[in-house]
K.L.:
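Just dropping this structure here.
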Amino acid sequence: QVHLEESGGGSEQSGGSLTLSCATSGYDSNPYCLGWFRQAPGKEREGVAIISRLATTDYLNSVKGRFTISRDNNKKTVSLQMNMLKPEDTAMYYCAATMTNTCLSLLWKAGAGMDYWGKGTLVTISS
């Protein structure tokens, strides 16, 4: 069974940096698509960053230039480097994966189409 576990969340001041990591397991072939999604209190879940097996990526407009997603297929991990953090980045961040051959478009579907999810890691940014 596919398992995803996030780590690296925490509290940071505005302008700071955090790196989220997601360890994946339970599959023979690497997921075609890995992504990071977030949900702030009172808001709907949204896609933050997504990366295909071929390392093509896409980002939520508000994080472009600040966040970088990467994956290590050998270590079965996906990371999200977050720089220049803002209070509006405060949310629960979730790692997600799908084995199907679609990817970048899933960023804009709030997670619909992602088959596997971690439990989330909380990021809190203070001004």
Side-chain angles (χ1 to χ4, degrees):
Q1 182 173 351
V2 177
H3 180 73
L4 288 75
E5 185 168 352
E6 304 93 341
S7 61
S11 298
E12 184 59 75
Q13 291 188 333
S14 181
S17 298
L18 285 172
T19 301
L20 305 183
S21 295
C22 177
T24 71
S25 62
Y27 50 82
D28 293 328
S29 59
N30 282 306
Y32 186 80
C33 190
L34 292 164
W36 288 94
F37 296 79
R38 69 186 182 187
Q39 187 166 19
K43 295 188 177 181
E44 294 186 352
R45 186 173 62 195
E46 63 182 355
V48 177
I50 205 160
I51 185 167
S52 74
R53 188 186 294 158
L54 300 178
T56 53
T57 59
D58 202 1
Y59 296 88
L60 180 68
N61 288 340
S62 63
V63 309
K64 284 182 179 178
R66 301 190 296 122
F67 291 11
T68 303
I69 189 171
S70 60
R71 63 188 290 172
D72 186 325
N73 291 331
N74 291 325
K75 295 182 179 179
K76 296 186 176 181
T77 59
V78 58
S79 299
L80 185 68
Q81 174 67 45
M82 305 186 294
N83 298 324
M84 296 182 287
L85 285 161
K86 303 176 180 180
E88 50 264 43
D89 294 320
T90 294
M92 185 71 79
Y93 283 71
Y94 299 91
C95 173
T98 180
M99 300 296 185
T100 58
N101 290 338
T102 58
C103 194
L104 301 189
S105 62
L106 298 181
L107 180 71
W108 310 105
K109 296 183 179 180
M114 303 300 282
D115 300 314
Y116 307 101
W117 292 84
K119 293 183 178 181
T121 185
L122 182 62
V123 171
T124 304
I125 308 302
S126 57
S127 57

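Just so it is clear, the model here is predicted, and its values are computed rather than measured.
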K.L.:
Are Thr77 and Asp72 close enough that a side-chain donor and a side-chain acceptor fall under 3.5 Å?
P.N.:
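Side chains of Thr77 and Asp72: no pair found under 3.5 Å.
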K.L.:
Verify, without hydrogens or angle tests, whether Glu12 (side chain) and Ile125 (backbone) share a donor-acceptor contact under 3.5 angstrom.
P.N.:
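No, because the side chain of Glu12 does not come within donor-acceptor range (under 3.5 Å) of the backbone of Ile125.
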K.L.:
Would you say that more than 12 heavy atoms from the other residues, nucleotides or ligands in this model lie under 6.0 Å from the NZ of Lys75, or not?
P.N.:
no
K.L.:
For the CD1 atom of Ile51 and the CZ atom of Arg71, what is their distance to the nearest 0.5 Å?
P.N.:
6.0 Å
K.L.:
Working note: Leu20 + Trp36, criterion side-chain contact (heavy atoms from CB on, under 4.5 Å); need CA distance, chi angles, decisive distance, verdict.
P.N.:
CA-CA 9 Å; Leu20 305 183; Trp36 288 94; 3.6 Å; yes
K.L.:
Check whether any side-chain heavy atom of Ser70 sits under 4.5 Å from a side-chain heavy atom of Val78, and report yes or no.
P.N.:
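Ser70 does not reach Val78 side chain to side chain.
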K.L.:
Look up atom CZ in Arg53 and atom CG in Asn101, then write down how far apart they are to the nearest 0.5 Å.
P.N.:
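Reported to 0.5 Å precision, the distance equals 7.0 Å.
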K.L.:
Please report the interatomic distance CG(Leu85) to OG(Ser11), rounded to the nearest 0.5 Å.
P.N.:
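Between Leu85 CG and Ser11 OG, I get 11.5 Å after rounding to 0.5 Å.
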K.L.:
Would you please test Cys33 and Ser52 for side-chain contact (heavy atoms from CB on, under 4.5 Å) and show each step?
P.N.:
CA-CA 4 Å; Cys33 190; Ser52 74; 5.7 Å; no
K.L.:
Quick check on the hydrophobic clustering: are Met92 and Met82 connected, directly or via other members, by side-chain heavy-atom contacts under 4.5 Å?
P.N.:
yes
K.L.:
Any chance you could measure Ser126, atom OG, to Gln13, atom CD, to the nearest 0.5 Å?
P.N.:
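Taking OG in Ser126 and CD in Gln13, the distance rounds to 5.0 Å.
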K.L.:
In terms of hydrophobic clustering (I, L, V, M, F, W, Y; side-chain heavy atoms under 4.5 Å; direct or indirect links), are Leu122 and Tyr93 co-clustered?
P.N.:
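Yes, because Leu122 and Tyr93 connect within a single hydrophobic cluster, where side-chain heavy atoms sit under 4.5 Å apart.
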K.L.:
Between Leu80 and Ala49, which heavy-atom pair has the shortest distance, and what is it?
P.N.:
CD1-CB, 3.9 Å
K.L.:
Using a 6.0 Å cut-off, check whether atom CD of Glu88 has over 12 heavy atoms from anything other than its own residue.
P.N.:
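For Glu88, atom CD is crowded (more than 12 foreign heavy atoms under 6.0 Å).
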K.L.:
With rounding to the nearest 0.5 angstrom, report the NZ to OG1 distance, Lys43 to Thr90.
P.N.:
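Reported value, rounded in 0.5 Å steps: 9.5 Å.
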K.L.:
In residues 103-120, what donor-acceptor pairs under 3.5 Å come from side-chain atoms, sequence neighbours left out?
P.N.:
unit_1 : atom_1 : unit_2 : atom_2 : d
Trp108 : NE1    : Asp58  : OD2    : 3.3
Asp115 : OD2    : Thr98  : OG1    : 2.7
Trp117 : NE1    : Met114 : O      : 3.3

K.L.:
Quick one: do Leu60 and Glu46 satisfy side-chain contact (heavy atoms from CB on, under 4.5 Å)? Show the steps, please.
P.N.:
CA-CA 8 Å; Leu60 180 68; Glu46 63 182 355; 3.7 Å; yes
K.L.:
Quick one: pull up CG in Leu34 and OG1 in Thr57 and give me the separation to the nearest 0.5 Å.
P.N.:
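Leu34 CG to Thr57 OG1: 12.5 Å, rounded to 0.5 Å.
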K.L.:
Please determine, by modelled atom types, if Thr19 and Gln81 share a side-chain donor-acceptor pair under 3.5 angstrom.
P.N.:
yes
K.L.:
Measure across Phe67 and Arg38 and return the closest heavy-atom pair with its distance rounded to 0.1 Å.
P.N.:
CE2-NH1, 4.1 Å
K.L.:
Please give me the minimum heavy-atom distance between Glu6 and Tyr94, naming the atom from each residue.
P.N.:
OE2-CA, 3.4 Å
K.L.:
Under 3.5 Å, side chain of Lys76 to main-chain N/O of Tyr27, donor-acceptor pair present?
P.N.:
yes
K.L.:
Which atoms form the tightest heavy-atom contact between Gly47 and Phe37, and what is the distance?
P.N.:
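Closest pair (atom of Gly47, atom of Phe37, distance): CA-CD2, 3.3 Å.
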